[in-house]
Amino acid sequence: MRIGFIGLGNMATAIIGGLLAQGIVEPGDVIGSAKTAATRERRAAELGIEVTADNAAVARAADVLVLAVKPVFFPEVIAEARDAVRDETLVVSIAAGLTVEVIEGLFGRPVRLVRCMPNTPALVGAGCTAVCPGPRATADDEALVLRLMGACGTASVIPERLMDAASAVAGSSPAFVFMFVEALADGGVAAGMPRAQALEFAAQAVMGSAKLALETGRHPGELKDMVCSPGGTTIEGVAALEAGAFRAAVMEAVAACVEKAQRL
Ligand SMILES: NC(=O)C1=CN([C@@H]2O[C@H](COP(=O)(O)OP(=O)(O)OC[C@H]3O[C@@H](n4cnc5c(N)ncnc54)[C@H](O)[C@@H]3O)[C@@H](O)[C@H]2O)C=CC1
Ligand SMILES: O=C(O)[C@@H]1CCC=N1
């Protein structure tokens, strides 16, 4: 099976890296295209995959074709590649905001299409991917995408009406988490920790907290209460975050992502 990626940016690279690391594909199974020679050369060196400037060549070679450019470039990329896409090719879009209907409209014909909303932790096998099969995707297509993306973390089928929410909560949220980790480390540095140690402690504490929530299934509020010793230090920090409208700010970040996705 050959997997083609049109676009070799941050997300495509994370997926390819995750698939390679998990041994799901070999470098020879992957062909990709990127806009610039510099990107093509870098990805070829990093990943050991075949690269080209020719999107139609990627489409022609691919049994699974991943459209991994930004939404704004979908019209030109699909116009360039669609005649080379075989009827039996499975097309996977990872674009935020673009619906199955819009993407099929750009092809101008029925295609075996599955929408995915992955995230960058796929690179280390800890991704979270939402999957939405189009009307002409077969059960085997859905199973294949679940297998590929499930090898890079978790992969779950959701209704298309929730894809913008999933894009915010899982696709975009790593950026928010990295901001949180950086801010925790800044606080540690302010209290005298060396920067590298503060970053390691912050990232490990966030990863451990997420692992504790996922593996126990206990509500985050309960887990938060487990940390807040009566009259202790943590509850002072919780009070400071509440005073800074931390939860409201996070909810507003999700809403802003959803609103932008709906405008794409
Ligand atoms: N970055 C992320 O964490 C996530 C991104 N996505 C989606 O993935 C897609 C790509 O996003 P990023 O990787 O962040 O963007 P990026 O800017 O890092 O990469 C985009 C890639 O597309 C290439 N490209 C642009 N025009 C092209 C063309 N005409 N032909 C061939 N290649 C072309 C660029 O050279 C670049 O390699 C977007 O649709 C985004 O919504 C989805 C989930 C998460
Ligand atoms: O920022 C974006 O548009 C993409 C989609 C989700 C994460 N990154």
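In each ligand, atom 1 is the first atom listed, and ligand 1 is the first ligand listed. If you're wondering where the values come from, they're calculated on a predicted model, not measured in any experiment.
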Subject >> Pair Glu104 + Arg109, salt bridge at N-O below 4.0 Å >> reply: no

Original post:
Hey, is ligand 1 close enough to Ala34 that some N/O pair sits below 3.5 Å?
Top reply: no

**OP:** Could you tell me whether Asn119 and ligand 1 have an N or O pair separated by under 3.5 Å?
**Re:** no

**OP:** Run down the list Ala68, Ala95, Gly9 and name the one with the heavy atom closest to atom 10 (C) of ligand 1.
**Re:** Ala68

Subject >> Residue and atom name of the nearest protein heavy atom (relative to atom 39 (O) of ligand 1), distance in Å to one decimal >> reply: Val69 O, 2.7 Å

Original post:
For atom 29 (N) of ligand 1, which of Lys70, Met11, Glu76 has the closest heavy atom?
Top reply: Glu76

Subject >> Minimal non-hydrogen separation, Leu223 against Ala213, with atom names >> reply: CD1-CA, 3.6 Å

Subject >> Heteroatom proximity flag, Phe74 to ligand 1, N/O under 3.5 Å >> reply: no

Original post:
Counting only heavy atoms, which portion of Thr13 has something under 4.0 Å from ligand 1: side chain, backbone, both, or neither?
Top reply: neither

**OP:** Mind jotting down which protein residues get a heavy-atom contact under 4.0 Å with ligand 2? Chain and number order, please.
**Re:** Ala96, Ser167, Gly171, Ser172

Original post:
Do any nitrogen or oxygen atoms of Ala12 come within less than 3.5 Å of a nitrogen or oxygen of ligand 1?
Top reply: no

**OP:** May I ask you to list the residues sharing a hydrophobic cluster with Val77, side-chain cutoff 4.5 Å, ordered by chain and number?
**Re:** Ile6, Ile31, Val58, Leu65, Leu67, Val69, Val72, Phe73, Phe74, Ile78, Val85, Val91, Leu98, Val100, Val102, Ile103, Leu106, Phe107, Val111, Leu113

**OP:** Determine whether Leu19 and Leu148 make a side-chain contact, defined as any pair of heavy atoms from C-beta on separated by less than 4.5 Å.
**Re:** yes

**OP:** Output the rest of the hydrophobic cluster of Val238: all Ile, Leu, Val, Met, Phe, Trp and Tyr residues reachable through side-chain heavy-atom contacts under 4.5 Å, sorted by chain and number.
**Re:** Ile235

Subject >> For atom 30 (N) of ligand 1, closest protein heavy-atom neighbour >> reply: Asn55 ND2, 3.0 Å

Subject >> Interfacing atoms of ligand 1 (cut-off 4.0 Å, heavy-atom, Val77) >> reply: 28 (C), 29 (N), 30 (N)

Subject >> Ile94 reachable from Met1 in the ILVMFWY side-chain graph, under 4.5 Å edges >> reply: yes

Original post:
Quick one: nearest non-hydrogen protein atom to atom 14 (O) of ligand 1, plus distance?
Top reply: Asn10 CB, 4.3 Å

Original post:
Counting N and O atoms only, with roles assigned by atom type, does the side chain of Arg263 sit under 3.5 Å from a partner on the main chain of Gly97, one being a donor and the other an acceptor?
Top reply: no

**OP:** Could you tell me the residue and atom name of the protein heavy atom closest to atom 41 (O) of ligand 1, and the distance to it rounded to 0.1 Å?
**Re:** Ala96 N, 3.1 Å

Subject >> Co-members of the apolar cluster containing Val169 [side chain, <4.5 Å] >> reply: Val254, Val258

Original post:
Among protein heavy atoms, which lies nearest atom 35 (O) of ligand 1, and at what distance?
Top reply: Lys35 N, 3.0 Å

Original post:
In terms of atom number and element, which parts of ligand 1 are under 4.0 angstrom from non-hydrogen atoms of Ile94?
Top reply: 6 (N), 7 (C), 8 (O), 42 (C)

Subject >> For atom 23 (C) of ligand 1, the protein heavy atom that lies nearest, with its residue and separation >> reply: Gly7 CA, 3.9 Å

Original post:
For the hydrophobic clusters of this structure (ILVMFWY residues joined by side-chain heavy atoms under 4.5 Å, transitively), does one cluster hold both Val131 and Ile24?
Top reply: yes

Original post:
Is there a nitrogen or oxygen of Met117 sitting under 3.5 Å from a nitrogen or oxygen of ligand 1?
Top reply: no

Original post:
Are Asp141 and Pro133 side-chain neighbours, meaning at least one heavy-atom pair lies under 4.5 Å?
Top reply: no

**OP:** Below 4.0 angstrom from a heavy atom of Thr120, which ligand 1 atoms are there? Numbered from 1 as shown, please.
**Re:** 3 (O)

**OP:** Would you mind checking which non-hydrogen protein atom is closest to atom 25 (C) of ligand 1, with the distance to 0.1 Å?
**Re:** Phe73 CD1, 3.9 Å

Original post:
Is there side-chain contact between Arg40 and Thr52, with heavy atoms separated by less than 4.5 Å?
Top reply: no

**OP:** Kindly say whether Phe176 contributes a backbone atom to a donor-acceptor pair with the side chain of Ser173 at under 3.5 angstrom?
**Re:** no

Subject >> Top protein contact for atom 43 (C) of ligand 1, by heavy-atom distance >> reply: Pro118 O, 3.2 Å

Original post:
With side chains defined as the heavy atoms from C-beta onward, is the minimum distance between Asn119 and Thr129 less than 4.5 Å?
Top reply: no

Original post:
Short question: side chain of Arg86, backbone of Ala62 - any donor-acceptor pair under 3.5 Å?
Top reply: yes

Original post:
At what distance, to the nearest 0.5 angstrom, does CD1 of Ile16 lie from SG of Cys152?
Top reply: 10.5 Å

